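To start, the structure itself, in structure tokens.
Note that this is a predicted model, so its numbers are computed, not measured.
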Amino acid sequence: MLKPADPTAHRDLLVGLSAADDAAVYRVGPELAIVETVDFFPPVVDDAYTWGAVSAANAMSDVYAMGGEVLFALAVAGFPRDFDKKIITEVFRGGAEMVAAAGGVIAGGHTVIDPDARGR
């Protein structure tokens with residue numbers, strides 16, 4: 001009988017669940033690896049644009065901490081259904097401009113409805 005493989009173990013997974021890091025590192029070639037991270041960042045400032053920029057900078061710092069460079073990012077966020085769309089737009093604009101300043105591009109993302117995501 002075959003034993004199930006450990007889904008967290010792979011020879012090319014250089015940093016994964018067994019490490020207490022904020023990013024994973026996966027080797028795609030002899031001299032090349034991908035650094036992957038995802039962050040959720042609560043509002044820590046009152047300005048929506050700055051909130052987005054701070055969130056992006058925080059996520060990118062995980063990539064930099066692993067020795068990587070920012071090529072692209074996926075914008076992931078949760079907002080209440082009735083949240084002002086102008087605020088959401090500014091959050092994403094702040095994040096996108098921070099990623100662009102680092103030389104990357106927003107390549108997609110996902111939003112969810114989160115009734116608890118109001119500024120605290």
Side-chain angles (χ1 to χ4, degrees):
M1 172 177 250
L2 294 174
K3 290 184 178 181
D6 178 355
T8 65
H10 190 280
R11 70 175 191 264
D12 291 319
L13 185 62
L14 305 178
V15 178
L17 287 174
S18 62
D21 281 301
D22 289 337
V25 180
Y26 189 90
R27 180 180 26 235
V28 294
E31 299 291 323
L32 184 64
I34 295 172
V35 177
E36 172 70 26
T37 186
V38 63
D39 260 332
F40 277 89
F41 205 76
V44 294
V45 294
D46 292 330
D47 179 71
Y49 176 91
T50 303
W51 174 22
V54 168
S55 298
N58 182 71
M60 291 187 306
S61 72
D62 295 341
V63 173
Y64 296 138
M66 303 305 284
E69 64 182 273
V70 175
L71 303 175
F72 66 92
L74 301 175
V76 179
F79 298 102
R81 183 179 299 280
D82 62 344
F83 212 62
D84 186 335
K85 303 301 184 255
K86 291 178 184 174
I87 294 173
I88 295 171
T89 298
E90 284 300 292
V91 170
F92 283 128
R93 187 173 73 86
E97 289 186 5
M98 182 63 71
V99 170
V105 62
I106 300 294
H110 192 76
T111 58
V112 296
I113 296 169
D114 180 0
D116 295 326
R118 296 198 183 281
R120 294 172 180 34

Next item on the list: Of all the heavy-atom pairs spanning V15 and A23, show the shortest one and how long it is.
Entry: CG1-O, 3.5 Å
Checklist line | Considering all heavy atoms, the nearest L14-A33 contact | finding: CD1-CB, 4.4 Å
Roughly how far, to the nearest 0.5 Å, is [atom2] of [Y] from [atom1] of [X]?
X   : Y   : atom1 : atom2 : value
S55 : M60 : OG    : CE    : 10.5 Å
E90 : E97 : CD    : CD    : 8.5 Å
I34 : L71 : CD1   : CG    : 9.0 Å
E36 : D62 : CD    : CG    : 11.0 Å

Are [Y] and [X] co-members of a hydrophobic cluster defined by side-chain heavy atoms under 4.5 Å apart?
X   : Y   : answer
I88 : V45 : yes
F92 : V99 : no
V44 : I87 : yes
L13 : L32 : yes

Checklist line | R93 (side chain) donor-acceptor with G52 (main chain) under 3.5 angstrom | finding: no
Check: When N58 is tested against each of D22, D39, T37 for side-chain hydrogen bond (donor to acceptor under 3.5 Å, both in side chains), which residue passes?
Finding: D39
Item checked: Criterion side chain to side chain contact (heavy atoms under 4.5 Å, CB included) on Y64 and V35, from CA distance to verdict -> CA-CA 9 Å; Y64 296 138; V35 177; over 6 Å; no
Next item on the list: Report, as yes or no, whether the 6.0 Å neighbourhood of atom NZ on K85 holds more than 12 heavy atoms from other residues, nucleotides or ligands.
Entry: yes
Notebook entry, point to check: What residue among F79, F41, Y49, F83 forms side-chain contact (heavy atoms from CB on, under 4.5 Å) with V91?
Noted result: F79
Check: Parallel, tilted or perpendicular: which describes the rings of H10 and Y26, with under 30° parallel and over 60° perpendicular?
Finding: tilted
